[in-house]
Visitor: 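One structure is given below, represented as structure tokens, and several questions about it will come after.
Counting begins at 1 with the first residue of the sequence.
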Amino acid sequence: MKTLNELLSPLDIEQIVGDDHKEITHVTSDSRNVEPGTLFIAVPGVSVDGHKFIPMAEEKGASAIVCEHLPETLSPLVTYIVVSSSAIALGYLASQWWDNPSRKLKLVGVTGTNGKTTTATLIYEMARLMGHKAGLLSTVCNYVETTPYPTDHTTPDPLTLNEMLHRMVEAGCEYAAMEVSSHAAAQHRIAGLHFVGGVFTNLTRDHLDYHKTFEAYLEAKKSFFDMLPRSAFALTNDDDKVGEVMLQNTLAGRYTYSLRSEADFRGKIVEQRLDGTLLSLNGCEVETLFTGKFNAYNLTAVYGASILLGWEKEEVLRNISRLVPVAGRFQAFHSPKGFTAIVDYAHTPDAVVNVLNAIREVIGKEGEIITVVGAGGNRDKGKRPIMAREAAARSERVILTSDNPRFEEPEDILADMETGLNAEARTRTLHITDRRQAIKTACALAKPGTVILIAGKGHEDYQEIKGVKHHFDDREVVMEIIKENV
């Protein structure tokens with residue numbers, strides 16, 4: 001329980017109508033959760049404006065309401081607080097409600113199109129290997145030290161986010177790593193959080209169904225670095241074409257990492273296999289369990305962040321060799337028949353290119369790659385033909401299949417993908433809507449030495465069809481097929 005005045009202290013308030021010294025027993029932005037004593041924040045959403053639910057909040061006994069404009073009729077029992085952005089206010093109020101947990105942790109945010117999950121997870125794992133208690137907020141799973149909490153969004157809403165950070169503080173965590181999605185930045189879900197560092201991985205086409213333009217997508221990512229304090233570090237991928245752009249307006253200390261040129265943190269691939277890479281980090285060689293150039297970037301970023309967090313260099317290098325791949329990220333399954341299946345979350349054109357290039361670099365020009373790939377429904381349609389084209393350009397065979405069709409017909413999605421294929425590529429492409437059958441067909445076509453890439457879903461254990469999530473796990477399916485054919 002806190003006083004309203006205490007909760008409002010960090011806000012830039014335009015107007016207050018009513019008593020601001022009330023006791024507040026609950027804070028929410030969901031009118032369904034309002035109860036007597038609640039502070040309700042009316043947030044304009046993507047599809048629904050929270051201001052429409054102010055009458056419901058009043059009726060259910062809200063003590064105070066934060067809004068961007070006053071309702072036509074005011075209740076004498078309610079205190080109204082007018083702000084310029086209730087979304088930003090929600091972030092600060094959530095932090096205040098949970099006693100500003102981000103200021104009691106060393107919180108590192110990771111943003112970019114690809115590599116967020118791996119980089120954030122490995123920073124969390126590195127903290128624990130260095131002997132510290134730590135927490136993680138990621139696409140795959142949230143962790144408070146070793147206790148897992150399921151996740152539905154890359155970055156949760158501000159109240160859930162701060163509650164998780166509060167749990168980390170209560171558990172004695174010193175460090176936390178989190179993915180910062182473009183949606184979260186654009187919707188101000190990270191407002192009010194205190195970061196000690198930020199990491200940028202890369203920027204390629206994604207989420208244009210939401211952001212509409214690449215420029216808006218870029219600005220959403222950049223806004224994270226714009227909010228970092230002077231005391232923080234900002235670590236960017238200097239090999240990405242917008243890497244330097246991310247740092248243009250930040251107050252944080254600026255640092256770079258690269259595989260191609262001089263940088264504060266320089267990575268270099270010395271040797272790679274399907275089960276690992278010998279990597280040089282600032283001139284020191286270390287054997288890792290990761291494969292591919294994209295993972296070399298991730299590990300170089302983790303190395304840089306670790307040094308910037310003040311951890312001892314030699315111990316960081318030793319622990320990098322102990323890090324293991326994240327579930328569903330370049331996860332390999334070997335068949336007694338001699339082929340290898342790799343399950344990866346790659347669901348953007350650039351991610352598919354990165355994974356296929358990594359495989360090709362290991363098996364050479366003479367090796368065979370079969371790619372099983374789809375695209376999500378009710379998302380950016382423009383990337384569908386690009387996904388198919390890039391897969392066909394880097395594979396001997398392609399099987400187009402269903403991903404998460406959501407409310408679209410799978411056949412329509414595959415038809416969109418096929419428009420990206422020329423006549424020659426179509427002769428090497430199969431169209432198998434049923435994902436299990438597509439994976440089974442790829443395994444049947446594989447010869448000794450063949451590598452099958454199953455792209456798009458990675459760690460996910462479901463397929464979303466017509467609003468219903470049905471259990472489906474690429475990793476389980478691959479293992480079942482391999483076992484059946486021993």
Side-chain angles (χ1 to χ4, degrees), residues 88 91 102-103 106-120 122-123 126 137 154-155 175-207 211 213-268 281-282 293-311 316 348 350 354:
I88 293 176
S102 65
R103 292 186 175 274
K106 292 181 179 177
L107 176 63
V108 178
V110 182
T111 196
T113 304
N114 301 310
K116 292 191 301 297
T117 299
T118 294
T119 303
L122 295 184
I123 291 172
M126 178 64 78
L137 293 160
T154 299
T155 310
Y175 293 86
M178 66 175 286
E179 296 182 51
V180 177
S181 69
S182 58
H183 291 73
Q187 295 168 13
H188 306 294
R189 283 185 237 156
I190 54 174
L193 296 185
H194 178 79
F195 291 87
V196 300
V199 179
F200 170 69
T201 58
N202 50 65
L203 197 73
T204 60
R205 180 184 180 124
D206 199 15
H207 301 306
H211 295 287
T213 67
F214 185 80
E215 290 71 24
Y217 180 47
L218 184 155
E219 283 301 318
K221 297 289 189 184
K222 181 177 175 295
S223 68
F224 166 59
F225 292 93
D226 293 348
M227 69 170 278
L228 291 177
R230 196 176 299 275
S231 58
F233 67 80
L235 177 61
T236 192
N237 179 354
D238 207 36
D239 293 344
D240 191 272
K241 59 185 178 182
V242 301
E244 291 292 337
V245 174
M246 292 291 150
L247 307 187
Q248 281 179 349
N249 303 109
T250 189
L251 296 175
R254 304 178 183 192
Y255 299 88
T256 59
Y257 67 97
S258 171
L259 296 188
R260 296 203 302 252
S261 58
E262 290 305 312
D264 296 296
F265 304 100
R266 177 74 192 279
K268 181 182 178 182
L281 294 167
N282 280 7
K293 186 181 291 184
F294 62 97
N295 271 323
Y297 275 108
N298 295 335
L299 289 170
T300 305
V302 171
Y303 172 72
S306 299
I307 299 301
L308 292 171
L309 284 169
W311 296 331
V316 168
T348 67
D350 187 66
N354 286 339

Visitor: Using the six-membered ring wherever Trp is involved, compare the ring planes of Phe265 and Tyr255 and label them parallel, tilted or perpendicular (cut-offs 30° and 60°).
Guide: tilted
Visitor: Do side-chain atoms of Ser258 reach the backbone of Arg260 as a donor and acceptor pair under 3.5 angstrom?
Guide: yes
Visitor: Is the shortest heavy-atom distance from the side chain of Tyr175 to the side chain of Ile123 under 4.5 Å?
Guide: no
Visitor: Tell me every residue that passes salt bridge (Lys or Arg N to Asp or Glu O under 4.0 Å) with Glu215, counting only those two or more places apart in sequence or in another chain.
Guide: none
Visitor: Please report the shortest heavy-atom distance between Met227 and Phe224, naming the atom on each side.
Guide: CG-O, 2.9 Å
Visitor: After noting the C-alpha distance and the side-chain angles of Asp239 and Tyr297, does the key distance pass the side chain to side chain donor-acceptor pair (under 3.5 Å) rule?
Guide: CA-CA 10 Å; Asp239 293 344; Tyr297 275 108; 2.6 Å; yes
Visitor: State whether a side-chain donor-acceptor pair under 3.5 Å links Asn202 with Asp350.
Guide: no
Visitor: Starting at CZ of Arg230, measure out to OG1 of Thr250 and round the result to the nearest 0.5 Å.
Guide: 9.5 Å
Visitor: So which heavy atom on Gly267 is nearest to which on Thr300, and how close?
Guide: CA-OG1, 3.6 Å
Visitor: Mind checking salt bridge (Lys or Arg N to Asp or Glu O under 4.0 Å) for Lys222 and listing every partner two or more places apart, or none if nothing turns up?
Guide: Asp226
Visitor: Would you give the length of the straight line joining atom OG of Ser181 to atom NZ of Lys221, rounded to the nearest 0.5 angstrom?
Guide: 6.5 Å
Visitor: Between CG of Leu228 and NE2 of His194, what distance do you get to the nearest 0.5 Å?
Guide: 9.5 Å
Visitor: Can you name the nearest heavy-atom pair linking Ala220 to Ser182, along with the distance?
Guide: CB-O, 3.7 Å
Visitor: Among Val199, Val180, Thr117, which residue meets the side-chain contact (heavy atoms from CB on, under 4.5 Å) test with Val110?
Guide: Val199
Visitor: Any sub-3.5 Å donor-acceptor pair from Asp238's side-chain atoms to Ser261's backbone N or O?
Guide: no
Visitor: At their closest point, which heavy atom of Phe225 faces which heavy atom of Met246, and how far apart are they?
Guide: CB-O, 3.3 Å
Visitor: Please examine the side chains of Val242 and Phe200, heavy atoms only from C-beta on, and report whether any two atoms are closer than 4.5 Å.
Guide: yes
Visitor: Could you give the distance from CD (Glu244) to OG1 (Thr256), rounded to the nearest 0.5 Å?
Guide: 6.5 Å
Visitor: Closest approach of Gln248 and Arg254, non-hydrogen atoms and distance?
Guide: O-NH2, 3.2 Å
Visitor: Given side chains that start at C-beta, do those of Met178 and Leu193 come closer than 4.5 Å, heavy atoms only?
Guide: yes
Visitor: Check Thr119 against Val302 and note the closest heavy-atom contact, atom names and distance.
Guide: O-CG2, 3.8 Å
Visitor: If you measure from OG1 on Thr348 to CG on Asn114, what distance do you get to the nearest 0.5 Å?
Guide: 4.0 Å
Visitor: To the nearest 0.5 angstrom, please state how far the CZ atom of Phe195 sits from the CD1 atom of Ile190.
Guide: 5.0 Å
Visitor: Any side-chain heavy atom of Thr201 within less than 4.5 Å of one from Tyr257?
Guide: yes
